[in-house]
Amino acid sequence: MHRLFHWIPKLTTTPGPSPRPFRFLQPHGALHCGALSLETLARKFGTPLYVYSADQIAERLALFQQAFAGRDALVCYAVKANSALAILNLLARRGAGFDIVSGGELERVLAVAPDATARVVFSGVGKTPQEIDLALAADILQFNVESQAELELLAARARRLKRKARFALRVNPDVFAETHPYISTGLREHKFGIDIRRALALYKSVAGDRWLQVHGISVHIGSQIRSADPFGAAMDRVYKLVRQLHRAGIPVHCIDAGGGLGIDYHGGSFDAAAKVSEYAQALDQALDGFNGRLLLEPGRFLVAQAGALLARVLCVKRNGSKTFVITDAAMNDLIRPALYQAHHEIVPVRSRAGKPRIVDVVGPVCESGDFFARDRSLAPVRPGDLVALLDAGAYGMAQSSNYNTRPRPAEVLVEGRKARLIRRRETVADLLAPEQDVQEK
Ligand SMILES: *Cc1c(COP(=O)(O)O)cnc(C)c1O
């Protein structure tokens, strides 16, 4: 069997729970990322600051690659989770491919790893002709097509550019994945994918097309899914469709299982290796007999727990019965609590003596939705103290904005004993640059 993308990493990790990258280290007692103190990083780079552990990202990728090493598998990291060029580069060097959802994300891959375009899959419900052309020119591995109209558009662009387009239909397997409604995608009522019962006919309708090549079937049932069962159920349905297609004379060599494997946002020990192996088992069981290529699109699982958002306490304020801890980071820097009612552990970087208090941790943005935690028990903090919002490596900086004309944070990647600034802090001048002054002359 031709194993174009097979990649077996060196076994650098031992099974079992690996230490979290963010830990309190003695003798100083301050929170560290790897060997580096967050106090030092805050002093050097300022706050708010995103800090990522390169070691943990590499380790998580290796876990995935090892769990599927018995197959012709390719891990296509979902760029939207954290699209920092340095992180894409780190992953590309270790053999990862990429799942992109825009032309902009393709440009990011082209900027750091142009030879990785052969490992790129292009997902998303609304691709523009320009984005399709860019991806055709880059000769990406596969277009994940989400509607008949998109398939027609892809065929038209491919014909025009005289480039064969390898495609998969993103089918909607109609499985329910228990997660937040905003990030659940696998039900028939969602905007994503094509009803799996309609897919066979659609594949048949283009089977002879000169510019379209039936390459695979893809699914993605949602995000932050904690149980392996729905993934197995979705794969069952997909493999059934593969067999139907086979009987219809349309061989499908590639199954794209999507992403969505969840993590634990509530602290405590998290056995990532066990989670991945449980996930791999569910897929393997459903795909027993399938020996084509398997694509995996983890996003959050690779980067979430590798990152923290470091913020400084501006003031502690009492209003009536409530206590508010106001930080220099806000919802524009990390919107997950406001958008998904997401939980992030918040820890003082250096603990003080005293009893924890029930507080709301909030930012300075003019919105009541600007909070990181409500009615949370937090160890005592004072103005000037540093706090870390943990597990913020995925959908943190990626979803940040300039709301309230707030420059976005800097980002630092910790590799061994080195901290590398991978994105400088924005300035207000950066924010104003694209605008036109409309004052009369
Ligand atoms: C968002 C997304 C992913 C990644 O999801 P995670 O929950 O971060 O693993 C993978 N594939 C597609 C198509 C997506 O939209």
Side-chain angles (χ1 to χ4, degrees), residues 57 60-61 63-64 67-68 73-84 87-88 91 96-102 104-106 109 119-127 131 135 140-147 150 167-173 175 177-187 190-194 216-228 230-231 234-235 238 254-265 272 275-276 279-280 283 294-307 336 339-340 342 391-399:
I57 296 171
R60 288 289 169 92
L61 173 65
L63 282 182
F64 253 87
F68 292 94
L74 175 68
V75 177
C76 294
Y77 166 67
V79 172
K80 75 176 189 287
N82 186 324
S83 56
I87 290 176
L88 302 186
L91 292 166
F98 298 100
D99 170 49
I100 59 165
V101 290
S102 72
E105 289 188 350
L106 179 54
V109 175
R119 305 193 299 263
V120 164
V121 297
F122 192 175
S123 304
V125 285
K127 302 178 184 77
E131 289 176 318
I140 65 162
L141 177 62
Q142 172 176 297
F143 290 83
N144 289 346
V145 171
E146 301 219 10
S147 65
E150 187 192 328
F167 80 95
L169 293 185
R170 173 168 172 184
V171 297
N172 191 326
V175 298
E178 199 166 329
T179 184
H180 189 278
Y182 287 5
I183 50 178
S184 169
T185 56
L187 283 179
H190 292 135
K191 71 175 175 184
F192 298 97
I194 292 164
I217 302 179
S218 81
V219 284
H220 173 70
I221 56 173
S223 199
Q224 182 54 10
I225 297 165
R226 300 294 310 280
S227 152
F231 296 109
M235 275 302 106
V238 167
C254 179
I255 290 179
D256 180 343
L261 187 59
I263 58 138
D264 179 7
Y265 281 99
K275 279 284 158 204
V276 177
Y279 173 75
L283 266 53
L294 181 63
L295 305 182
L296 304 148
E297 302 173 347
R300 185 191 313 271
F301 199 88
L302 300 194
V303 293
Q305 292 177 306
R336 298 189 67 259
L339 191 58
Y340 312 115
D391 306 321
Y395 307 106
M397 186 64 171
Q399 293 193 354

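Counting convention: from 1, in listed order, for ligands and their atoms alike.
- Without hydrogens or angle criteria, Tyr395 side chain to Ala304 main chain gives no donor-acceptor distance under 3.5 Å.
- For Phe231, the ring-ring contact (aromatic ring centres under 6.0 Å, His included) partners two or more places apart in sequence, or in a different chain, are Tyr279.
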What does the contact table look like for ligand 1 (nitrogen or oxygen on each side, cut-off under 3.5 Å)?
residue, atom, partner, partner atom, Å
ligand 1, 7 (O), Ser223, OG, 2.3
ligand 1, 8 (O), Arg300, N, 2.7
ligand 1, 8 (O), Tyr395, OH, 2.6
ligand 1, 9 (O), Gly260, N, 2.8
ligand 1, 9 (O), Gly299, N, 2.9
ligand 1, 11 (N), Asp99, OD2, 3.1
ligand 1, 11 (N), His220, ND1, 3.4
ligand 1, 11 (N), Glu297, OE1, 2.5
ligand 1, 15 (O), Lys80, NZ, 2.7

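- The salt bridge (Lys or Arg N to Asp or Glu O under 4.0 Å) check on Glu146 picks up Arg170, with sequence neighbours excluded.
- Remark: the backbone N or O of Ala96 is paired with a side-chain donor or acceptor of Arg119 at under 3.5 angstrom.
- With Phe143 as the aromatic partner, Lys127 does not meet the cation-pi criteria of under 6.0 angstrom to the ring centre and within 45 degrees of the ring axis.
- Partners of Gln142 under the side-chain hydrogen bond (donor to acceptor under 3.5 Å, both in side chains) rule, at least two apart in sequence or in another chain, are Asn144, His215.
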